[in-house]
Amino acid sequence: MTVGQARNLADEAGLDLVEISPNAEPPVCKILDYGKFKYEQQKKANAARKNQKTQEVKEIKMRPGIDVHDYQTKMKKIHQFIEKGDKVKVTIRFRGREMAHQDLGMEVLQRVVGEMEEEAKIEARPKMEGRQMIMVIAPK
């Protein structure tokens, strides 16, 4: 139908003539309440954004001489972060003479890798960045 006829029909119904797909041959239009249409589109967009899961990078800091209980507490937190679907950046900070014993920091990170093998994958292998040794693990 022509544009004029469509406009007349829309005016009679007290609604708007809305172009749905302008690139189609011929263009497709609908007669509907434009305000309600925009409101429903906005609601759909908000619902899609609400259901979207953003993945954060959480950081856990340790020292090369970390004690058993402290290590277990940090591991409990790492497990919680991985279960929630977040990535975890494990940082070993070296101070003073600890820089001479980087192998101790590597052992701590290897323990973390050994415990997390089942539920996570290593995204970034342990590497030194200044006075810190950094490793990133992500959920499988």
Side-chain angles (χ1 to χ4, degrees):
M1 96 177 29
T2 66
V3 176
Q5 290 174 328
R7 281 193 184 138
N8 288 337
L9 278 174
D11 287 341
E12 287 173 16
L15 298 171
D16 303 309
L17 182 66
V18 180
E19 192 173 31
I20 300 299
S21 57
N23 298 333
E25 219 22 77
V28 177
C29 296
K30 275 187 179 178
I31 297 174
L32 49 86
D33 183 2
Y34 186 67
K36 186 176 179 182
F37 174 71
K38 288 293 284 180
Y39 173 74
E40 287 174 358
Q41 272 189 328
Q42 185 180 7
K43 253 185 126 166
K44 284 180 188 174
N46 285 344
R49 195 173 25 250
K50 188 173 89 173
N51 293 334
Q52 196 174 41
K53 172 68 176 124
T54 56
Q55 192 176 47
E56 292 183 44
V57 178
K58 304 287 190 172
E59 185 174 14
I60 296 288
K61 294 182 180 181
M62 297 184 189
R63 299 284 309 281
I66 190 167
D67 204 22
V68 177
H69 185 262
D70 296 334
Y71 175 80
Q72 290 170 348
T73 305
K74 303 272 186 181
M75 284 307 298
K76 196 181 296 179
K77 266 319 222 188
I78 291 174
H79 283 287
Q80 288 173 3
F81 292 148
I82 293 292
E83 283 174 18
K84 269 203 259 176
D86 295 326
K87 291 182 183 181
V88 180
K89 177 179 172 184
V90 184
T91 304
I92 305 283
R93 169 162 271 148
F94 296 95
R95 294 195 325 211
R97 290 187 215 156
E98 291 174 348
M99 283 298 289
H101 300 287
Q102 293 177 7
D103 55 321
L104 295 176
M106 187 58 84
E107 286 175 18
V108 172
L109 290 180
Q110 292 305 326
R111 265 173 55 196
V112 172
V113 169
E115 283 189 38
M116 297 303 296
E117 275 178 335
E118 318 277 299
E119 51 194 287
K121 62 179 182 278
I122 285 64
E123 197 165 89
R125 294 258 164 226
K127 66 175 186 280
M128 284 299 292
E129 286 184 9
R131 294 190 151 277
Q132 299 179 27
M133 190 175 286
I134 295 172
M135 171 180 75
V136 179
I137 54 179
K140 280 190 176 174

Hphob cluster co-occupancy, [X] + [Y], side-chain heavy atoms under 4.5 angstrom:
X: Tyr34; Y: Tyr39; answer: no
X: Met106; Y: Tyr71; answer: yes
X: Met116; Y: Val136; answer: no
X: Ile122; Y: Val88; answer: yes

Trace of the side chain to side chain contact (heavy atoms under 4.5 Å, CB included) decision for Leu15 with Leu32
CA-CA 5 Å; Leu15 298 171; Leu32 49 86; 5.5 Å; no
Quick check: closest heavy atoms across [X] and [Y], and the distance to 0.1 Å?
X: Asn46; Y: Arg49; value: OD1-NH2, 2.5 Å
X: Phe94; Y: Met99; value: CB-SD, 3.5 Å
X: Arg63; Y: Val108; value: O-CG2, 4.4 Å
X: Leu109; Y: Pro126; value: CD1-CB, 3.6 Å
X: Glu19; Y: Pro27; value: OE2-CB, 3.7 Å
X: Val3; Y: Leu17; value: O-CD2, 4.4 Å

Would you confirm whether [X], through its side chain, and [Y], through its main-chain N or O, come within 3.5 Å as a donor-acceptor pair?
X: Ser21; Y: Ala24; answer: no
X: Glu98; Y: Arg95; answer: yes
X: Asp16; Y: Asp33; answer: no

If you round to the nearest 0.5 Å, how far is CD1 of Ile92 from CZ of Arg131?
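The distance works out to 15.0 Å.
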Considering only Ile, Leu, Val, Met, Phe, Trp and Tyr, and joining two whenever side-chain heavy atoms are under 4.5 Å apart, list the other residues clustered with Ile134.
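Under the 4.5 Å side-chain rule, Ile134 groups with nothing.
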Tell me whether Glu40 is salt-bridged to Lys38, with the criterion being a basic N under 4.0 Å from an acidic carboxylate O.
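Salt bridge: no.
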Check this for me: Glu118, atom CD, are more than 12 non-hydrogen atoms of other residues, nucleotides or ligands nearer than 6.0 Å?
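For Glu118, atom CD is not crowded (no more than 12 foreign heavy atoms under 6.0 Å).
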Which pairs, with at least one residue in residues 70-91 and sequence neighbours excluded, count as a salt bridge (charged side-chain N to carboxylate O under 4.0 Å, His left out)?
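Salt bridge (charged side-chain N to carboxylate O under 4.0 Å, His left out) check on residues 70-91 returns Lys53-Asp86, Lys87-Glu123.
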Only one of Val57, Ile137, Ile60 passes side-chain contact (heavy atoms from CB on, under 4.5 Å) with Phe81; say which it is.
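It is Ile60; the other options fail the test.
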Sequence neighbours excluded, which residues qualify as salt bridge (Lys or Arg N to Asp or Glu O under 4.0 Å) partners of Glu129?
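Salt bridge (Lys or Arg N to Asp or Glu O under 4.0 Å) list for Glu129, sorted by chain: Lys127.
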